[in-house]
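Both backbone and side-chain heavy atoms feed into the values below; hydrogens, waters and symmetry mates do not.
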Amino acid sequence: MGRPRVSRSVAGALFLLMVVVSCKPAAGTARPTTATLSESPSPTASASAPVEPTPVSTPTSAPPPLPFGQPRSPSHRLLFTVTTASDETLYAYDVEGGKSTALITLPPQIRDHRWVTWAPDRSALLTLEPAEGGLPNYIHQFDVATGEFTSIKILDQYEWTIPLVPGRIPRIEAPSQSDRDLDDVSDVFRWGFEWAPDSSGFVFVLGATDLEEPEPTQIYYVKRGETEVIPIGAKAKAITVGEDPSWSPDGRYVLYLGDPLADVFGMWVIDLLDPDVPMQVIDFLPDGFPVWAGDSRSFYMQDESVTAEGETAHSLLEIVIPSGERRELLRVVTADEEQVWLVLGRASLDGKWLLVSEGHWIREDPANPASGYVYDPRNSPFHYLNLESGEDLELLKGENISWFSKSRANEWLFLQDDDRGVCTILRLPDLEPMIEPTAELCDTTGWSPDGHLLYGLVDFEVDSEGPVVIFDLDTRERIIVGDVPEGDITFLGWEQR
């Protein structure tokens, strides 16, 4: 078998959850008793006890059912691609049946493409086909169900064939006779494609990425299956667009950072129902990446400011769309030499609570201002914030949590403790254990849509060796994924149904 991998989009989401952060709670907030991740004590035997013969094993009874938020789906499938010397094929691994089935062999011409990006529903993919020597460059949409291509020519003979915006035309020049390297259109694609959550379209950003000669950037939008390339926001007077686009969950809004090179600052939102009128929602850049609320009515971001006493205030803000109204949800004040990151988990199923991890980093050598920062797990709690009342429940302070992941289907939180080498699943907000701490649960962080299974790679890294494993929460069994063809394997995640 080749080296199992996780797709770039899936890996990025997982790595975002790896960072754990903490905050000082507001005065007077209620706090439940902190739960620990200590393992159950191992059984011990008295030295004087007689040795008993090993009993014949008998079938164990089924574990008690867990209070799942959704019924178990009748089938679960993991999607992955297998690349060999001759072809690349999309497969589905059926968990219940223990078999892999080939779905479609991808067209051979896309094997040399770049920025291959799957739609969230895994029904289509995007590729960039760069070409040298003045030959045409294309964006291809490939429909998995029909096998059809929708192609968009974007560059031909070093001339752009898509709508351009004055002042932000990406630099692509024909090489001179002395040049050895030809310009490549992929060099002006910034971070590839971003699909809408409902797979109805996608955006991409053009602009030179080299730091020696930075250029303003422009966001383009394309509806799925169509060929019209729309430079969104370009028709608004004196306003041009920036970079780092982020879709709202309902697919209506695109949030992006302004471009200081074009004298556009802060954060902006475009409503795709009226894409010619961008709306500025804040006039400064956030610390870290903003995260949308589940109802698409607002987003959350971290901001830092200096207090009158010279300390640093780390604030978690909610920004309402489209008014830009701000509300501070959490505030942490620290000394200047301490760094804090607030990482957002998922909201509760009813949308009333928001999980936040507050991570502190301190100087490795407090006496040496030039020393590096190290993570301070003992001062890094979680917060469960009530978005209606403002109540702040501080959870798990003092625990060394290296990884967390909240289910979309249950109010359950997966936690990994590398110090003890165990993982557990706790219910929010009372921290009632759903799965007791065990090493069998570790390495499986990818929740199935119904919340009954998790999957991951053993000793997970983006390109790690090792088998793919599944943990079944109904049976409490750890399953090694078998029946996988030979080749270079990239797992795409659970099939969305």
Side-chain angles (χ1 to χ4, degrees), residues 1-14 68 70-107 110-111 116-125 142-147 195 199 405 407-410 414 423 425 435 440-497:
M1 182 185 301
R3 304 191 335 165
R5 296 176 293 159
V6 172
S7 70
R8 184 174 68 91
S9 59
V10 175
L14 292 175
F68 290 99
Q70 295 182 12
R72 182 180 177 113
S73 174
S75 65
H76 300 83
R77 300 205 303 177
L78 277 175
L79 300 179
F80 62 95
T81 59
V82 176
T83 303
T84 66
S86 59
D87 57 39
E88 183 174 8
T89 303
L90 174 66
Y91 283 84
Y93 176 79
D94 184 270
V95 175
E96 283 72 20
K99 293 183 60 178
S100 296
T101 302
L103 300 181
I104 189 171
T105 297
L106 303 182
I110 75 169
R111 296 194 56 183
V116 178
T117 307
W118 287 86
D121 63 5
R122 304 298 188 256
S123 64
L125 60 78
F142 176 64
D143 190 299
V144 173
T146 64
W195 279 97
S199 304
S405 174
S407 168
R408 293 179 182 272
N410 309 304
F414 171 96
C423 299
I425 294 177
I435 300 293
E440 291 290 300
L441 185 61
C442 292
D443 303 313
T444 60
T445 59
W447 291 93
S448 63
D450 62 3
H452 286 248
L453 303 175
L454 295 107
Y455 97 101
L457 300 182
V458 173
D459 297 326
F460 171 73
E461 292 178 359
V462 174
D463 286 313
S464 71
E465 298 280 0
V468 174
V469 294
I470 293 172
F471 193 90
D472 190 320
L473 299 178
D474 288 285
T475 63
R476 322 296 201 268
E477 291 179 327
R478 183 180 173 94
I479 305 165
I480 301 295
V481 173
D483 188 42
V484 177
E486 294 289 332
D488 188 8
I489 301 168
T490 299
F491 277 83
L492 305 174
W494 296 103
E495 181 180 48
Q496 305 296 316
R497 294 185 174 182

Quick one: pull up CD1 in I435 and CD in E440 and give me the separation to the nearest 0.5 Å.
11.5 Å

What pairs with W494 under ring-ring contact (aromatic ring centres under 6.0 Å, His included), at least two apart in sequence or on another chain?
Y455

Do side-chain atoms of R77 reach the backbone of S75 as a donor and acceptor pair under 3.5 angstrom?
no

Of all the heavy-atom pairs spanning V481 and V469, show the shortest one and how long it is.
CG2-N, 4.5 Å

Stepwise side chain to side chain contact (heavy atoms under 4.5 Å, CB included) check, V95 with L453:
CA-CA 10 Å; V95 175; L453 303 175; 4.2 Å; yes

Sequence-distant partners of D472, salt bridge (Lys or Arg N to Asp or Glu O under 4.0 Å), two or more places apart
R72

Does V116 form a side chain to side chain contact (heavy atoms under 4.5 Å, CB included) with F142? I'd like the steps, not just the answer.
CA-CA 10 Å; V116 178; F142 176 64; over 6 Å; no

Within the 3.5 Å criterion, strictly below it, is a donor on H76 or D450 matched to an acceptor on the partner's side chain?
yes

Whether R478 side chain and I470 backbone form a donor-acceptor pair below 3.5 Å:
no

If I take atom CG from residue D87 and atom CG from residue L106, how far apart are they, to the nearest 0.5 angstrom?
9.0 Å

To the nearest 0.5 Å, atom CG of L79 lies from atom CZ of R122 at 6.5 Å

CD1 of I425 to CZ of F471: how many Å apart, nearest 0.5 Å?
7.0 Å

Here the gap from L103 atom CG to T89 atom OG1, rounded to the nearest 0.5 Å, amounts to 9.5 Å

Give a yes-or-no answer on whether the side chains of T117 and W195 include a donor-acceptor pair shorter than 3.5 Å.
no

Smallest separation among heavy atoms of V82 and F80, with atom names
CG2-CE1, 3.5 Å

Kindly indicate, with the supporting measurements, whether the criterion side chain to side chain contact (heavy atoms under 4.5 Å, CB included) is fulfilled by L492 and L90.
CA-CA 10 Å; L492 305 174; L90 174 66; 3.8 Å; yes

Considering residues at least two apart in sequence or located in another chain, which fulfil the ring-ring contact (aromatic ring centres under 6.0 Å, His included) criterion with F68?
W412, H452

Applying side chain to side chain contact (heavy atoms under 4.5 Å, CB included) to V468 and V484, what does each step give before you reach the verdict?
CA-CA 10 Å; V468 174; V484 177; over 6 Å; no

To the closest 0.5 Å, what do you measure between CD1 (I104) and OH (Y91)?
12.5 Å

Smallest separation among heavy atoms of A145 and D143, with atom names:
N-OD1, 2.9 Å

For S199 versus A119, what's the shortest heavy-atom pair and its separation?
OG-CB, 3.6 Å

